[in-house]
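Numbering of residues begins at 1 and proceeds along the displayed sequence.
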Amino acid sequence: MSTVRYRPEGLDNLVQQTNFSKKELQVLYRGFKNECPSGVVNEDTFKSIYSHFFPQGDSSMYAHFLFEAFDTHNNGLVSFEDFAVSLSIILRGSITDKLNWAFNLYDLNKDGCITREEMTDIMHSIYNMMGKHTYPSMRDSAPKEHVDRFFQKMDKNKDGVVTIEEFLETCQKDENIMHSMHLFDNVI
């Protein structure tokens, strides 16, 4: 019985959709196929791969949120195209594209706004991923404090949710956030 393998669209098409060269996409594809021989990755495999980057903590919940952001077709699979397009945005997209991608990651139910509950889930997943043995050690109240600061800064009209407009406006005016948007500009 043979395994059905997924084959990506032509690389020329993907060059047009991303900010990667054909050579860069070939290198990325080899790495992707090495980890995912079938050509697609499901959530469990994605979590397993991601856990290697954070062995001291539990990255499963954050990996779940990331997987959902990468799974642009909402079919429970991330293809090489999905991966390359998202990675292109994260690494080489415009500031607006990067911020839109981050907003989509944080807007867990995809209703167009970030609630306190969603941001709390994200913060807990990040703190769990970082592990209990960080230095300096984090207080148990740290995720809640981070959410409170996020909403104090982002929720301009104080309605209890952060819209994409509030998110973009606040991020674009914050020097630290703008600096962090450029950290991965020359990674690949």
Side-chain angles (χ1 to χ4, degrees), residues 1-11 13-15 17-20 24-93 97-134 138 140 142-144 146-147 150 167 180 183-184 187-188:
M1 192 166 178
S2 66
T3 304
V4 175
R5 299 209 184 274
Y6 174 83
R7 301 213 43 100
E9 298 174 24
L11 282 182
N13 191 23
L14 212 45
V15 167
Q17 294 176 33
T18 67
N19 293 313
F20 293 127
E24 289 170 325
L25 285 167
Q26 289 169 332
V27 170
L28 284 172
Y29 185 65
R30 276 194 292 277
F32 188 88
K33 283 289 282 186
N34 189 45
E35 292 295 326
C36 312
S38 69
V40 293
V41 61
N42 64 25
E43 186 172 345
D44 288 340
T45 303
F46 186 88
K47 285 179 177 179
S48 175
I49 294 166
Y50 200 75
S51 71
H52 296 293
F53 297 107
F54 299 94
Q56 75 282 11
D58 178 2
S59 64
S60 61
M61 188 52 71
Y62 191 75
H64 167 74
F65 297 144
L66 264 183
F67 181 84
E68 289 196 339
F70 275 86
D71 179 13
T72 57
H73 297 100
N74 299 317
N75 62 359
L77 298 170
V78 173
S79 67
F80 177 70
E81 289 92 341
D82 295 333
F83 175 74
V85 167
S86 287
L87 198 60
S88 174
I89 292 168
I90 294 165
L91 298 179
R92 299 204 178 145
D97 289 342
K98 289 177 182 182
L99 291 173
N100 275 305
W101 196 91
F103 185 88
N104 182 58
L105 172 66
Y106 301 152
D107 179 14
L108 299 179
N109 67 1
K110 311 300 180 225
D111 67 350
C113 58
I114 301 169
T115 64
R116 274 188 177 275
E117 293 75 22
E118 288 171 322
M119 187 50 69
T120 298
D121 288 347
I122 291 284
M123 284 301 112
H124 277 291
S125 73
I126 291 170
Y127 281 83
N128 288 341
M129 180 174 63
M130 299 312 291
K132 302 294 181 199
H133 307 291
T134 59
M138 293 179 267
D140 289 340
K144 182 189 180 315
H146 195 103
V147 171
F150 176 86
F167 185 79
S180 71
L183 288 177
F184 300 112
V187 169
I188 294 180

Checklist line | Partners passing salt bridge (Lys or Arg N to Asp or Glu O under 4.0 Å) against E43 (at least two apart in sequence or in another chain) | finding: K47

Note to self: Distance check, rounded to the nearest 0.5 Å: E118 atom CD versus D111 atom CG?
What the structure shows: 5.5 Å

Check: Hey, what do you get for NZ (K144) to OH (Y127), rounding to the nearest 0.5 Å?
Finding: 12.5 Å

Checklist line | Exercise: identify the closest heavy-atom pair between D107 and C113 | finding: OD1-O, 2.9 Å

Item checked: Exercise: identify the closest heavy-atom pair between M123 and V147 -> CG-CG2, 3.6 Å

Notebook entry, point to check: How many angstroms lie between NE2 in H146 and CD1 in I126, if you round to the nearest 0.5 Å?
Noted result: 6.5 Å

Checklist line | Distance (rounded to the nearest 0.5 Å) between L108 CG and I122 CD1 | finding: 4.5 Å

Checklist line | Residue pairs involving residues 56-75 (criterion salt bridge (Lys or Arg N to Asp or Glu O under 4.0 Å); sequence neighbours excluded) | finding: none

Notebook entry, point to check: F103 and G112: which non-hydrogen atoms are nearest, and at how many Å?
Noted result: CZ-O, 3.5 Å

Next item on the list: Quick one: pull up OH in Y106 and CE in M119 and give me the separation to the nearest 0.5 Å.
Entry: 5.5 Å

Item checked: For the student: nearest non-hydrogen atoms of A69 and W101, plus distance -> CB-CZ2, 3.8 Å

Next item on the list: Nearest 0.5 Å please: distance from the CG atom of L87 over to the CZ atom of R92.
Entry: 9.0 Å

Notebook entry, point to check: Under the criterion side chain to side chain contact (heavy atoms under 4.5 Å, CB included), which of V85, L11, L25 is the partner of F20?
Noted result: L25

Next item on the list: Evaluate the ring planes of F70 and F46, with Trp represented by its six-membered ring, and classify them as parallel (under 30°), tilted (30 to 60°) or perpendicular (over 60°).
Entry: tilted

Margin query: Less than 4.5 Å apart, side chain to side chain, heavy atoms only: is that true for L14 and F80?
Written below: yes

Margin query: For a quick test of reading the model, state the closest non-hydrogen atom pair linking V78 to F83 and the distance between them.
Written below: CG1-N, 3.9 Å

Check: Is a side-chain donor-acceptor pair under 3.5 Å present for S79 with D82?
Finding: yes

Item checked: Any donor-acceptor N/O pair, N104 side chain to N100 backbone, under 3.5 Å -> no

Notebook entry, point to check: In a check of side chain to side chain contact (heavy atoms under 4.5 Å, CB included) between S59 and each of S51, S125, S48, which one passes?
Noted result: S51

Note to self: Looking at every heavy atom in both I114 and F167, which two are closest together, and how far apart are they?
What the structure shows: CD1-CD1, 4.3 Å

Notebook entry, point to check: What is the ring orientation for Y50 with Y62, classed by angle as parallel under 30°, tilted 30 to 60°, or perpendicular over 60°?
Noted result: tilted

